[in-house]
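In what follows, every chain begins at residue 1, and chains take the letters A, B, ... in the order their sequences are listed. All values reported here derive from a predicted model rather than from experimental measurement.
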Amino acid sequence: MALHKTQTLYIYNSISKEKEKFSPINKGAVGMYVCGPTVYSNVHMGNCRTFLSFDLVFRYLKHLGYKVRYVRNITDAGHLENDGESDEDPIAKKAKLENIEPMEVVQKYTVDFHQTMARFNALPPSIEPTATGHIIEQIEIIEQIIKQGYAYQVNGSVYFDVTTFNKDHHYGKLSGRNLEDMISNTRALAGQSEKKNPQDFALWKKADSGHIMRWASPWSDGFPGWHLECTAMSTKYLGQQFDIHGGGMDLKFPHHECEIAQSEAIHKKSPVNYWMHANMLTLNGKKMAKSTGNNILPAELFSGENTLLSKAFSPGVAKFFMYQAQYRSILDFSDDALVASEKGYNKLMDAYKSIDDISCSEHSSIDITIWRQSCYDAMNDDFNSPILIAQLFEGVKHINTLKEAKASITKEDLQVLQNTMHGFIFEVLGLTDATSMETGNDDKLSGAIELLIELRNQARNNKDFATSDKIRDDLQQVGIQLKDGKEGTSFSLS
RNA sequence: GGCAUCAUGGCCGAGCGGCUAGGCAGAGGUCUGCAAAACCUUCUACAGCGGUUCGAAUCCGCUUGAUGCCUCCA
């Protein structure tokens, strides 16, 4: 029986601002759409946090036995909304700077994005559509919106008529705004625009002569507005109404608000049942951003090549650090926090690996079923990963107590303990064990170290501590730490 | 200016009216030839001021501070 029949999941819905019991439109299947990256530069850690937050959602839904169709787009056409002269399609701009084709830019950073996600052990989405691959669908949606009377065209461009839409709908219901306030607050800024109202947003923009990315349409040679692609692709792959729509907090307004307006304009119903917004990863207390340079790249983190970092951190540690905060909380990136997370991460992994050392008894003195459920309770409460991790450390405590034989466990319960630890650490959190020797796959090295350990033990038996300490300390110097335990000496690479 | 969110112990972070997570650091201990590692135990908090309540970190109001959005942004 699928787990989702016995576990009740609650999701915080941004639009109702409440945790709601999750119930998908189609029994046992979930449709989820997440706004993906704009591929005109390398993704930074802030971008990664959002995608890792939704990777957790994806993984947990799958773990619960749902069939999930996870759609995450690649924005490979620059979106342009305003008509100020400083605005320029970021992809076309980057293409000019690097003197290459726009699609070359797109390709380069798409590859980077995929490689980065793979290093974080994030699962690929079920469908990863591109904006440029769905121009026809976007044009069709514009035609329908015009037909419904919620859009108008001016000089080859088409704009969504927010004022008209707001007469029979509520534009701003997701972000808690209302049109009257927005109008009164922006009146002073309204310059010479071809839009009827500053709040109107572009569905189609006529391309000027220098604009590289352009497509033919009934209105002009141009390109689609930036809110349109998500409506086109989510509708195409998930239907007019689907279960979960996610994205970064910064996309709530105007992007997601506009998606709602576009969908409601043509389908007359709300497109999404559960809106989820992942919060920002900050650096120095400020949001990471590509434009301001206030960001840190995954590659810098993995290599340690950044003045903010005292050392390199593995992708698993970075992920663990992020999951120690709930996805709806702002999280500040710092070396201190990473160092602390790394130690906790190693403790968790070491304990997991030592489960095999536990011996079984006739009776269990600990209630493993209650503990197991508390892990699920954490995730069922709006994917509360920090609570889950706290529960996993309870599991660590159980493991250590059992190893010391201060508690007993049956074979069946031990299997539950191991399966639960494994399921949550590797399947749900998607952590990887980067510290183990397998990644290095270096039998020669471990053979040499084993020899040194043997020599050291001989010296110790002969009370030749000068020799034994030299072996220990010199190995430490090159980053190999010996660990003396009851069962003999082991080692780890740092 | 408008809208929204947040303020928790040395640090990072849960918490959503009573039972006061977890990690890191600190302190004590076990083990050890000495260490390290590992493990066990342990300390401390809810921005300020009012209010509601038998009882508030948790609800309400005000004050202060911070952040996000209102322009591309995960």
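With distances taken from any side-chain atom of A:Ala325 to the nucleotides B:A14, B:A37, B:A74, the minimum falls on B:A14. When the nucleotides B:A14, B:C69, B:A74 are ranked by their closest atom to the side chain of A:Ile387, B:A14 comes out on top. The A:Phe253 side chain lies nearest to B:C70 when the options are B:U67, B:C12, B:C70. In the set B:A35, B:G2, B:C73, B:G2 carries the atom at the smallest distance from any side-chain atom of A:Asp181.
Between A:Lys483 and B:A35 there is no side-chain N or O to OP1 or OP2 distance below 4.0 Å. Side-chain N/O atoms of A:Lys287 include none lying less than 4.0 angstrom from OP1 or OP2 on B:U67. Residue A:Lys347 has no polar side-chain atom (N or O) positioned under 4.0 Å from OP1 or OP2 of B:A38. Under 4.0 angstrom from either OP1 or OP2 of B:C3 there lies no side-chain N or O belonging to A:Lys252. In this structure, A:Ser329 does not reach the B:G13 phosphate: none of its side-chain N or O atoms is under 4.0 Å from OP1 or OP2. Of the side-chain N and O atoms in A:Asn295, none sit less than 4.0 angstrom from OP1 or OP2 of B:C73. A sub-4.0 Å separation between OP1 or OP2 of B:G33 and a side-chain N or O of A:Ser468 is absent.
Taking atom P on both B:C40 and B:A7, the two are 31 Å apart, rounded to the nearest angstrom. For the P atom pair drawn from B:U67 and B:G50, the interatomic distance equals 28 Å after rounding to whole Å. Taking atom C1' on both nucleotides, B:C31 is separated from B:A37 by 11 Å, rounded to a whole Å. Between the P atoms of B:G2 and B:A25, the separation comes to 46 Å (whole Å). Taking the C1' atoms as reference points, B:U42 lies 23 Å from B:A36, given to the whole Å. The gap from the P atom of B:U52 to that of B:C70 amounts to 42 Å, rounded to the nearest Å. B:A47 and B:A14: their P atoms are spaced 15 Å apart (whole Å).
Both thresholds, 5.5 Å between centres and 30° between ring planes, are met by A:Phe465 relative to the base of B:G33, so the two rings are stacked.
The residue A:Leu331 sits close only to the backbone: its heavy atoms come under 4.0 Å of sugar-phosphate atoms, none of a base. Residue contacts for A:Ala278: at a heavy-atom cut-off of 4.0 Å it reaches no nucleic acid atom on any strand shown. Within 4.0 Å (heavy atoms only), A:Gln391 reaches no atom of the nucleic acid at all. Among the atoms of the strands shown, only primed sugar atoms or phosphate atoms (P, OP1, OP2) are found under 4.0 Å from some heavy atom of A:Lys397. At a threshold of 4.0 angstrom between heavy atoms, the contacts of A:Arg328 with the nucleic acid are absent. Counting non-hydrogen atoms under 4.0 angstrom, A:Gly36 reaches the backbone sugars and phosphates but no base. Across all strands shown, A:Lys406 has no heavy atoms under 4.0 Å from either base or sugar-phosphate atoms. Here A:Leu281 lies in heavy-atom contact (under 4.0 Å) with a base. Looking at heavy-atom distances under 4.0 Å, A:Lys286 makes contact with sugar-phosphate atoms alone, never a base. Across all strands, A:Met280 comes closer than 4.0 Å to base atoms (heavy-atom distances). As judged by a 4.0 angstrom heavy-atom cut-off over every strand, A:Gly176 is placed among residues touching the sugar-phosphate backbone only. A:Asp473 comes within 4.0 angstrom of no nucleic acid atom, judged by non-hydrogen atoms across all strands. Among the atoms of the strands shown, base atoms are found under 4.0 Å from some heavy atom of A:Arg177. Here A:Asn400 lies in heavy-atom contact (under 4.0 Å) with sugar-phosphate atoms only.
Aromatic ring pairs are classed by plane angle as parallel below 30°, tilted from 30° to 60° and perpendicular above 60°; the pair A:Phe201 and A:His227 is perpendicular. Using a 30° and 60° split on the angle between ring planes, A:Tyr70 and A:Phe58 fall in the tilted class, from 30° to 60°.
Cation-pi contact between A:Lys347 and A:Tyr345: absent, since separation from the ring centre below 6.0 Å together with deviation from the ring axis within 45° is not met. Judged by the 6.0 Å distance and 45° axis criteria, A:Lys195 is not positioned over the aromatic ring of A:Phe160. Relative to the ring axis of A:Phe54, A:Arg72 does not place its NZ or CZ within 45° and under 6.0 Å from the centre. A cation-pi contact links A:Arg328 to A:Tyr12, judged by a cut-off of 6.0 Å to the six-membered ring centre and 45° from its axis.
Rounding to whole angstrom units, CD of residue A:Glu180 and C1' of B:C3 are separated by 14 Å. Atom CD in A:Glu394 sits roughly 14 Å away from atom C1' in B:C40 (whole-Å rounding). The distance from atom CG of A:Asn178 to atom P of B:G1 is 18 Å, rounded to the nearest whole Å.
Look at B:A38: its Watson-Crick or wobble partner, with both distances under 3.5 angstrom, is B:U30. With a 3.5 Å ceiling on both atom-pair distances, B:A45 lacks any Watson-Crick or G-U wobble partner. In this structure, B:C54 forms a base pair with B:G18, meeting either the Watson-Crick or the G-U wobble geometry with both donor-acceptor distances under 3.5 Å. Searching all strands for a Watson-Crick or G-U wobble partner of B:A25 with both distances below 3.5 Å returns nothing. Partner assigned to B:C3 is B:G68, using Watson-Crick or G-U wobble distances below 3.5 angstrom. Pairing for B:G9 is absent, judged as Watson-Crick or G-U wobble with the two contacts each under 3.5 Å.
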(message) Let's go through A:Asp335 and A:Ser310 carefully: what are the C-alpha distance in whole Å and the side-chain angles of both, what is the deciding distance for side-chain contact (heavy atoms from CB on, under 4.5 Å) to 0.1 Å, and is it a yes or a no?
(response) CA-CA 7 Å; A:Asp335 188 69; A:Ser310 61; 2.8 Å; yes
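Comparing A:Lys343 and A:His255 along RNA chain B, the residue whose closest nucleotide (by nearest heavy atom) sits nearer the 5' end is A:Lys343. Mapping A:Thr282 and A:His44 onto RNA chain B by nearest heavy atom places A:Thr282 closer to the 5' end of the strand.
Under 3.5 Å, the side chains of A:Tyr327 and A:Asp382 contain a donor-acceptor pair of N or O atoms.
Proximity of the aromatic rings of A:Phe426 and A:Tyr352 is defined here by a centroid distance below 6.0 angstrom, and this criterion is met.
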